[in-house]
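Here is the structure we will look at, set down as C-alpha cells.
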Amino acid sequence: MPDRAPQPVDRQLPTDEARDLISLVRDIAQREIAPKAAEEEDAGRFPREVFTLLSESGLLGLPYDSEYGGGDQPYEVYLQVLEELAAVRLTVGLGVSVHTLASYALATYGSKQQQVEHLPAMLGGGLLGAYCLSEPASGSDAASLRTKAVRDGEDWVITGTKAWITHGGIADFYTVMARTGEDGPRGISAFLVPADAAGLSAAAPEKKMGMKGSPTAQVHFDGVRVGDERRIGEEGQGFAIALSALDSGRLGIAACAIGVAQAALDEAVTYATERRQFGKPIADFQGLRFMLADMATQIEAGRALYLAAARLRDAGRPFAKQAAMAKLHCTDTAMKVTTDAVQVLGGYGYTADFPAERYMREAKVLQIVEGTNQIQRMVIARHLAGPEGR
C-alpha cells in the first residue's frame, strides 16, 4: 500500500483511559467486525455475537453511571467510539447508538429502584434495546402517536403498532412511548417493556436499500400487560423524555455519519493513490485532488461540530440546537462524501466488489432516522427565530 494510504483518525481525547478505550475499539473492530462486514451486510445477517462481545467489553453503556454497569465516559468520548464502529460497519455503530437511546429513559428518568433492578442487565448484561416512538401514521409528527396504554388496576395494557423500529424483533427490551391521556404531547407516557411480554410481536423486517444487516420492523402490542413499576417518569412525561433522548441520540447519528464518511474517504484516497491512468496515479490529477480535499474538509468540520455539541452536553449546558445542527451537517456530509467516493472509483465504485457503493446506500438513511433533516432545520430555526405562527 502506498505511503499516502489513509491512517487512523488522530483524535483529541481527554484522558489516557479514553485513548486506551479507542485502542480497544479499533482492535475489536479490525478483528471481529471488519472481516465479515461486507459479506454479512449482503446476506442481511445481524451480528448478535458482536453485540455480546461489546457488552462484555463494557462498550454498550459508555455514557452511563458505572454504579449500574456503565462506563462513566463523557459524550465526547462515547461518540468517537461510535464513529470508529460505524466506519467499519454502520449496523454495529448505529446499533450501539440505538441501544444507548433505548437505555436513556430509564438511566435518566427512572427511579432508583428501577435503575438498580434493570440497568445492570441493560448496560452490561448482554441485553439489546430498541426505542419505540414512531408509528405508521406518526413519524415526524410524533406527538400524534396512537398507541395506547390503559390503566387496569396496578397494570397498564398497551395496544398499538410502532414502525421503523431498529432491532425490532431481536431486542430484549423496548422503551415504548404510549398514550395514557389527552391528545397531544402531554398525554404520552414512557414504559419499559420486556421482549417476552405476552402480546408483543414483530412483523417481518423491512426490505431496505442499505443497512440490510440491521433489522428494522414494525412492533405490535396486542394487549401487552406491564406493571406500573415499568412506567418511566411521571404520567404524561413521556414525550418530554422522548425529545430529551432524541437530542442525545442525534449526536449518535452525527458521529455514525462521520464514521461512514471517513470510511468512504479512506477508500477513495487508497484507490486514487493506487489507480494509474495516463502514466500516473489518478490522485495526481487536480480535479480529483480537489475533490478529496473537499471531502476531508467536510468530514473534519462535521467531527468538530458534533464534538462541540457533545462538550456542551458534558458541561451540563443546553445543546439541542447544536445537536440538530450536527445531525443535519454530518448526515448531509456523509451523503455527499460517499457519493463523491463512488465517483472517484468510477465504474468500480458502482460495483459490490468495493465498499463505496455500500457506504453510499447506508448514508442515505442517516438523513432520515431520528428526525429527518427537514425536521432538524425546523428545530434550528425555532431556536433562532422562535416558534412558527407566533
Side-chain angles (χ1 to χ4, degrees), residues 20-22 24-37 40-41 44-73 77-79 81-82 84-86 88-108 110 113-132 165-176 191-198 200-202 205 211 213-217 219 224 226 229-230 232 245 248-249 252 256:
D20 291 342
L21 180 61
I22 291 293
L24 170 65
V25 171
R26 286 174 174 168
D27 180 60
I28 290 174
Q30 293 306 314
R31 283 191 297 106
E32 305 294 338
I33 304 173
K36 298 181 285 187
E40 291 190 345
E41 279 300 318
R45 182 181 178 278
F46 181 75
R48 185 59 192 253
E49 71 284 354
V50 168
F51 285 85
T52 300
L53 174 60
L54 294 176
S55 180
E56 292 171 348
S57 303
L59 299 176
L60 284 192
L62 286 175
Y64 297 125
D65 197 329
S66 60
E67 179 182 356
Y68 305 111
D72 281 333
Q73 290 297 315
V77 173
Y78 157 69
L79 293 178
V81 168
L82 285 188
E84 291 282 343
L85 293 171
V88 178
R89 188 176 179 187
L90 182 58
T91 284
V92 176
L94 188 69
V96 174
S97 180
V98 167
H99 176 80
T100 304
L101 176 69
S103 302
Y104 176 91
L106 192 69
T108 308
Q113 181 177 345
Q114 288 174 323
Q115 292 172 347
V116 168
E117 182 176 356
H118 299 294
L119 272 182
M122 292 164 63
L123 300 183
L127 300 188
L128 189 65
Y131 179 79
C132 296
I165 305 305
T166 301
H167 302 157
I170 64 167
D172 300 298
F173 66 90
Y174 296 85
T175 296
V176 181
F191 298 88
L192 180 67
V193 182
D196 60 359
L200 190 156
S201 63
M211 285 195 70
S214 175
T216 304
V219 178
V224 173
V226 295
E229 71 276 4
R230 283 186 171 267
I232 304 171
S248 296
C256 286

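Between S97 and the choices L85, L82, L79, the side-chain contact (heavy atoms from CB on, under 4.5 Å) rule is met once, by L82.
Between H167 and F46, the ring-plane angle classifies as perpendicular under the 30° and 60° cut-offs.
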Margin query: For a side chain to side chain contact (heavy atoms under 4.5 Å, CB included) check, start with the C-alpha distance between V50 and T91, then their side-chain angles and the critical distance, and finish with the verdict.
Written below: CA-CA 11 Å; V50 168; T91 284; over 6 Å; no
Notebook entry, point to check: Stepwise, does the side chain to side chain contact (heavy atoms under 4.5 Å, CB included) test hold for V92 with L54?
Noted result: CA-CA 10 Å; V92 176; L54 294 176; 3.8 Å; yes
Next item on the list: Report the C-alpha distance between L106 and T175 in whole Å, list the side-chain angles of each, state the deciding distance to 0.1 Å, and finish with yes or no for side chain to side chain contact (heavy atoms under 4.5 Å, CB included).
Entry: CA-CA 9 Å; L106 192 69; T175 296; over 6 Å; no
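Partners of R230 according to the salt bridge (Lys or Arg N to Asp or Glu O under 4.0 Å) rule, which considers only residues two or more places apart in sequence or in another chain, do not exist here.
Under a cut-off of 6.0 angstrom, the local environment of CD in Q113 is sparse, with at most 12 non-hydrogen atoms contributed by other residues, nucleotides or ligands.
Taking every heavy atom of both residues into account, Y64 and T100 meet most closely at OH-O, 2.7 Å. Taking each heavy atom of G95 and F51 in turn, the nearest pair found is C-CE2, 3.7 Å. Smallest separation of non-hydrogen atoms from P215 and I170: CG-CD1, 3.4 Å.
Among residues at least two apart or in separate chains, there is no salt bridge (Lys or Arg N to Asp or Glu O under 4.0 Å) pair with a member in residues 113-123. Every pair passing salt bridge (Lys or Arg N to Asp or Glu O under 4.0 Å) that includes a residue from residues 88-106 is listed here, sequence neighbours excluded: E40-R89, E41-R89.
Note that CZ of F173 and SG of C132 are 10.5 Å apart. Values are rounded to the nearest 0.5 Å.
No side-chain heavy atom of V96 sits less than 4.5 Å from a side-chain heavy atom of L62. The side-chain heavy atoms of L123 and L60, taken from C-beta on, include no pair separated by under 4.5 Å.
In this structure, H99 contributes its side chain and M122 its backbone to a donor-acceptor pair below 3.5 Å.
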